[in-house]
Chemist: 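Before I ask anything, here is the structure I am working with.
Letters A, B, ... mirror the listed sequences (proteins, then strands); counts begin at 1. The analysis underlying the following values was restricted to heavy atoms, covering all of them including side chains, and did not include hydrogens, waters or symmetry mates.
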There are 2 protein chains.
Amino acid sequence: MTLIEARGYGALTMAALARELRVSPSALYNHVTAKQDLLRWIQDHLNQRIDCSAFATEPWDVAVERWARSYRDTYAQHAPLVPVIAVAPIAGAAHTVEMYEQVAAGLREGGWPDPLIAEAIVAVESFVLGSAMDATSPPDVFEVGDLAVTAPIFTTAVKARRGDDPAGSAFELGLTALVEGLRARLRTVTTGE
Amino acid sequence: MTLIEARGYGALTMAALARELRVSPSALYNHVTAKQDLLRWIQDHLNQRIDCSAFATEPWDVAVERWARSYRDTYAQHAPLVPVIAVAPIAGAAHTVEMYEQVAAGLREGGWPDPLIAEAIVAVESFVLGSAMDATSPPDVFEVGDLAVTAPIFTTAVKARRGDDPAGSAFELGLTALVEGLRARLRTVTTGE
DNA sequence: ACCTGAACACCGTTCAAGT
DNA sequence: ACCTGAACACCGTTCAAGT
């Protein structure tokens with residue numbers, strides 16, 4: 001059923017899906033109450049593919065980095081889902097819940113106090129989803145055109161970027177910084193009490 | 001013209017806008033080539049309201065925090081724009097370019113090397129936009145329902161959250177961590193050479 | 001329980017025709 | 001230069017009717 005994602009999200013219309021299944025569009029509503037249901041189903045299926053295995057074997061900080069990379073890579077290829085998943089309730093999504101459980105277990109094992117675990121997860125997730133969206137932006141997003149004269153510093157900064165994957169570099173910079181900052185925070189929290 | 005945002009984004013339809021302006025829907029296409037144009041126009045207008053003033057007076061790290069807070073607050077109220085702005089080219093958006101210029105100037109002043117400035121901006125921006133989307137999620141996003149038995153650790157972590165604004169707390173945790181991590185990174189970059 | 005076919009109430013957009 | 005009105009090609013969804 002999810003094999004249809006190969007066609008891209010612009011083509012993910014109820015009519016197209018129905019055609020793929022050789023069924024009438026209205027028939028879909030016997031299995032799904034609305035299109036949102038379908039998207040959440042796909043999301044849960046996708047979350048199953050995110051690699052959380054490191055939380056069982058590695059220190060929490062390296063596990064978070066691996067999880068975040070896998071998470072971003074997955075949704076960079078499914079960017080249209082990002083706005084949906086960011087606000088979609090988790091209830092009933094078994095694989096999604098399982099993912100969070102593994103992450104939460106890893107953080108607790110790593111010494112994070114219960115009240116901060118969900119906050120840390122949400123913080124990393126926000127960065128990941130924002131980065132997944134950024135990953136889909138065209139290479140010329142930062143081309144200022146004739147406004148270059150207004151913004152000389154920004155223009156040279158954009159030109160000074162290196163590597164053939166600016167979005168990827170920005171993600172790596174942010175991820176390592178975020179994890180480093182979380183490490184520092186955990187230190188102050190645990191030594192403080 | 002943008003006074004219509006008060007009506008919410010579900011109501012931001014070309015027909016509704018035309019009605020508001022007492023004009024036929026097709027007349028709008030004399031001023032805008034597509035709806036995307038309109039959204040980018042709104043985005044640029046919104047970016048004007050983001051507070052970048054701290055970059056001129058404060059150290060880069062406290063300026064980034066203030067900018068990020070203002071940025072998130074703005075788009076938390078305009079969440080439907082987030083997926084658009086994340087991939088929208090900047091060309092022709094004067095206020096947006098000006099914002100980036102101020103941020104870039106502040107970072108350079110703070111000692112950041114040119115090749116890393118754009119990366120740092122994108123990293124912070126990704127976190128901000130991800131957080132803006134998260135801010136609009138319903139309070140029960142993490143209610144696991146009958147799957148609680150599968151995810152005991154995550155369930156208790158969610159219950160252990162404190163404060164009446166979980167999304168806001170997560171944003172603050174992530175923001176301070178991210179900035180702390182960037183500070184550390186800048187240190188290693190500048191002392192390394 | 002699951003399907004079909006027709007219909008509904010919308011979308012954004014185009015285009016000839018007017019002034 | 002800017003507008004109107006009609007039309008187009010879609011959307012997601014509903015609902016009576018069938019099996």
Chemist: Run through A:Val87, A:Ile85, A:Val122 and flag the one making a side chain to side chain contact (heavy atoms under 4.5 Å, CB included) with B:Ser137.
Modeler: A:Val87

Chemist: What's the CZ-C1' distance between A:Arg22 and C:dC2, to the nearest Å?
Modeler: 19 Å

Chemist: Starting at OH of A:Tyr29 and ending at P of C:dA6, how long is that distance when rounded to a whole Å?
Modeler: 18 Å

Chemist: Quick one: sort the A:Phe154 and B:Tyr100 rings into parallel, tilted or perpendicular, breaks at 30° and 60°.
Modeler: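 Because their plane-to-plane angle is under 30°, the rings of A:Phe154 and B:Tyr100 count as parallel.
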
Chemist: Can you tell me how far C1' of C:dC11 sits from CG of B:Leu38, to the nearest Å?
Modeler: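 It is 15 Å, rounded to the nearest whole Å.
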
Chemist: Picking from C:dC3, D:dC3, C:dG5, which would you name as closest to the side chain of B:Val23?
Modeler: D:dC3

Chemist: Can you run through DNA chain C from 5' to 3' and write each base as (, ), [, ], | or . depending on how it pairs? Watson-Crick or G-U wobble, both distances under 3.5 Å.
Modeler: ||.|||||...|||||.||

Chemist: Is a side-chain donor or acceptor of B:Arg40 paired with a backbone partner of B:Asp37 at a separation under 3.5 angstrom?
Modeler: no

Chemist: How many whole angstroms separate atom CG of B:Leu28 from atom C1' of D:dA1?
Modeler: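 My rounded result for the distance is 15 Å.
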
Chemist: Nearest to the B:Thr13 side chain among C:dT13, D:dC11, C:dC11, which nucleotide is it?
Modeler: C:dC11

Chemist: Report the distance from atom CZ of B:Arg19 to atom P of C:dG12, rounded to the nearest whole Å.
Modeler: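 Result: 11 Å.
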
Chemist: Using the side chain to side chain contact (heavy atoms under 4.5 Å, CB included) definition, which of the options A:Thr74, A:Asp73, A:Val128 pairs with A:Ile50?
Modeler: A:Thr74

Chemist: What is the separation between atom CG on A:Leu12 and atom P on D:dC10, rounded to the nearest whole Å?
Modeler: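 So the CG-P distance, A:Leu12 to D:dC10, works out to 16 Å.
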
Chemist: Between A:His31 and C:dC3, is there a contact of a side-chain N or O with OP1 or OP2 at under 4.0 Å?
Modeler: yes

Chemist: Quick one: does B:Ser26 reach the base of D:dG5 with a side-chain donor-acceptor pair under 3.5 Å?
Modeler: yes

Chemist: What is the distance, rounded to the nearest whole Å, between atom CE of A:Met14 and atom C1' of D:dG12?
Modeler: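 One finds 7 Å between C1' of D:dG12 and CE of A:Met14, rounded.
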
Chemist: Give me the ring orientation class for B:Trp67 and B:Tyr71: parallel if the planes are under 30° apart, tilted from 30 to 60°, perpendicular past 60°.
Modeler: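 Ring orientation, 0 to 90° scale: tilted.
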
Chemist: What is the distance, rounded to the nearest whole Å, between atom CG of B:Asn30 and atom P of D:dC2?
Modeler: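 Those two atoms, CG and P, are 7 Å apart.
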
Chemist: Pair B:Glu125, B:Val103 - check side-chain contact (heavy atoms from CB on, under 4.5 Å), show working.
Modeler: CA-CA 11 Å; B:Glu125 205 174 23; B:Val103 178; over 6 Å; no

Chemist: Might you confirm whether atom CG of B:Asp140 has over 12 heavy atoms from other residues, nucleotides or ligands at distances under 6.0 Å?
Modeler: yes

Chemist: Could you work out which one of D:dT4, C:dT13, D:dC11 sits closest to the side chain of B:Ala27?
Modeler: D:dT4

